[in-house]
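We're numbering straight along the sequence, starting at 1.
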Amino acid sequence: IFLLLILTAGVLILPIRGSLGVAPINTGVAYFSNDVLANEAAVNPLWKFVYALKDSKRSQVEYNFVPQDEAQLLFNNLMAESGDYPQLVKAGKPNVVIIQLESFAAHNIKALGGADVTACFNKLVHEGILFSKIYAASDRSDKGLMANLAGYQALPTYEIMRYPEKTQNIPFLPIEFKKAGYHDLLYMYGGDIKFKNMDSFVKQAQFEKIISIDDFDYDQRGEKWGVHDQYTFERLIKEMKASQEPYFKFFFTLSSHEPFDVPMQRMFENDYHNSIAYTDKCLGAFFDEAKKSGLWDNTLFILIADHGVGGPDAYAHDNLNFKHIPMLWLGGALAVKDTVITNIGGQTDLARTLLCQLNMDNKDFIFSKNILDRGAHHFAFYTYPESMGMIEDSLYQDYSFVQNKFTRMEGQATATDSIKAKAYLQIVADDHKNR
């Protein structure tokens, strides 16, 4: 009987987890519509109650460093803008295609002072606008998605994307593009769309078409995560050709995620570098085709990584190389090219910078700032489970939650400087709690 009980318990793990794949069952599995009430009605209430209890401790961590009015004042000063910025995108309504590059850290890119791994990216730099001092909001793909698509900052202890009842109240880029008359809003990811509540997230963002692993042939998949990048890039070309202009697309690559299995002859001994080189080759082929087919001409392409990564040198979280990521704007929609922007910016700043260039509404993106604004305070804020910090031109500070103190305070720091990062996190945490 004891053996039977063990066997039965083992068999029940599968329905409890919900699948044999990478992603266990989560709230997003029940989401099927852009309508909030319809999705909430589809969620099993008992399951949701137990799920909420399990995660309640992580989502209720308090960050109270200074009086709330003082924290708000410091935050407002940090985020203030002059409204004076250069116009780098041609007038009109260009197509917009954002390509989020899996684990594509700056330390792989020679043009950003890294290793010489990305030959195609290095050539593309001279055809567009390179933002050379961009830092990731955190260390996971789901946090990077929130930063890139919603301009929203991650907390140290939990991922807001796991809570659809909160993300339904967050502004998203595709919503703004839809309001502005853009068509065929596409989200494409070669992996499992159920991973980390991604399916509910993209429905709430009002994407009109979602393409994921099940939309590709089985022989186009890798060992673990999903479809090789060459096939998803090819699909992106087809989707762009079939779309009504102006259109908005968001594509999340996959092949440079471990286990780094890629369908090409090895170029680098290190598996991670080799996978980055593969995605880089796919990028090169994609843009060659985009130019040949005329898709380049009226399109703004934005390449940006999803998060920081230690890489072969095993950079620690408090090393700037871990956080440094690329952001490159390309396409015929640009008014300038072969340009480098050296202002420090955070990953969350993509949203407001882009919307300002296109003269679109951006007031709800409260954790995003215009990197190009001449009067803005240029900085990047980040969080990890064990730390948080801020990067500025003259100051780098990193605070350890384990040691309850700043373990790095590099540069000339005033008394106000020593609480800026704390105040910022306090406002972020308060916003998370009230969503």
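E245 and Y182 share no side-chain donor-acceptor pair at under 3.5 Å. Of the N and O atoms on the side chains of Q100 and N148, at least one donor lies less than 3.5 Å from an acceptor on the other residue. Between the side chains of N108 and Y272, at least one donor-acceptor pair of N or O atoms lies under 3.5 Å. Side-chain contact of N197 with Y163: a donor-acceptor pair under 3.5 Å is absent, judged by distance alone. Between the side chains of E392 and H377, at least one donor N or O sits under 3.5 Å from an acceptor N or O.
With respect to the salt-bridge test (charged N to carboxylate O, under 4.0 angstrom), the residues E127 and K291 qualify. A salt bridge is defined here as a Lys NZ or Arg NE, NH1 or NH2 lying under 4.0 Å from an Asp or Glu carboxylate O, and R435 with E165 fails to meet this definition.
Residues forming a salt bridge (charged side-chain N to carboxylate O under 4.0 Å, His left out) with R221 (at least two apart in sequence, or on another chain): D214. For F233, the ring pair (Phe, Tyr, Trp, His ring centres under 6.0 Å) test picks out F251, F286, with sequence neighbours left out. In this view, N76 and Q72 satisfy the side-chain hydrogen bond (donor to acceptor under 3.5 Å, both in side chains) rule, not counting sequence neighbours. With sequence neighbours left out, F406 forms a ring pair (Phe, Tyr, Trp, His ring centres under 6.0 Å) with Y399. For the side-chain hydrogen bond (donor to acceptor under 3.5 Å, both in side chains) test, no residue two or more places apart in sequence or in another chain qualifies with K238. Under the salt bridge (charged side-chain N to carboxylate O under 4.0 Å, His left out) criterion, K241 pairs with E289, sequence neighbours left out. In this structure, the ring pair (Phe, Tyr, Trp, His ring centres under 6.0 Å) partners of F248, at least two apart in sequence or on a different chain, are F177. K369 meets the salt bridge (charged side-chain N to carboxylate O under 4.0 Å, His left out) test with D349; sequence neighbours excluded. The salt bridge (charged side-chain N to carboxylate O under 4.0 Å, His left out) test applied to K123 returns no partner, not counting sequence neighbours.
Here the CD1 atom belonging to I175 is positioned 9.5 Å from the CZ atom belonging to F207, to the nearest 0.5 angstrom. Here the CD1 atom belonging to I160 is positioned 7.5 Å from the CG atom belonging to D431, to the nearest 0.5 angstrom. Taking OG1 of T118 as the start and CD1 of I276 as the end, the distance is 8.5 Å to the nearest 0.5 Å. With rounding to the nearest 0.5 Å, the separation of CG in D142 from OG1 in T167 is 11.5 Å.
For residues 323-333, the set of pairs meeting the side-chain hydrogen bond (donor to acceptor under 3.5 Å, both in side chains) definition, not counting sequence neighbours, comprises K323-Y396. Residue pairs meeting the side-chain hydrogen bond (donor to acceptor under 3.5 Å, both in side chains) criterion with at least one partner in residues 259-269, sequence neighbours excluded, are R266-D271.
Looking only at distances, a side-chain donor or acceptor of S368 sits under 3.5 Å from a matching main-chain atom of T348. Between the Y278 side chain and the Q230 main chain, a donor and an acceptor come within less than 3.5 Å of each other.
Ring-plane geometry between F75 and Y424 is classed as tilted, the angle between the planes lying from 30 to 60 degrees on a 0 to 90 degree scale.
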Side-chain polar contacts of residues 304-318 - donor-acceptor pairs under 3.5 angstrom, sequence neighbours left out - could you list them?
residue: D306; atom: OD1; partner: S103; partner atom: N; Å: 2.8
residue: D306; atom: OD2; partner: S141; partner atom: OG; Å: 2.7
residue: H307; atom: NE2; partner: E102; partner atom: OE2; Å: 3.4
residue: D313; atom: OD2; partner: Y315; partner atom: OH; Å: 3.3
residue: H317; atom: ND1; partner: E386; partner atom: OE2; Å: 2.5
residue: D318; atom: OD2; partner: R408; partner atom: NE; Å: 3.3

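For the pair K133 and Y135, the cation-pi criterion (under 6.0 Å, within 45° of the ring axis) is not fulfilled.
Within the 4.5 Å cutoff, side-chain heavy atoms of R352 are placed close to those of E81.
The nearest pair of heavy atoms linking D229 to S255 is N-OG, 2.9 Å.
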Given the rule in the ring-ring contact (aromatic ring centres under 6.0 Å, His included) test, do Y63 and F401 qualify, once you have shown the distances and angles that lead to the verdict? CA-CA 11 Å; Y63 299 97; F401 297 115; 5.7 Å; yes
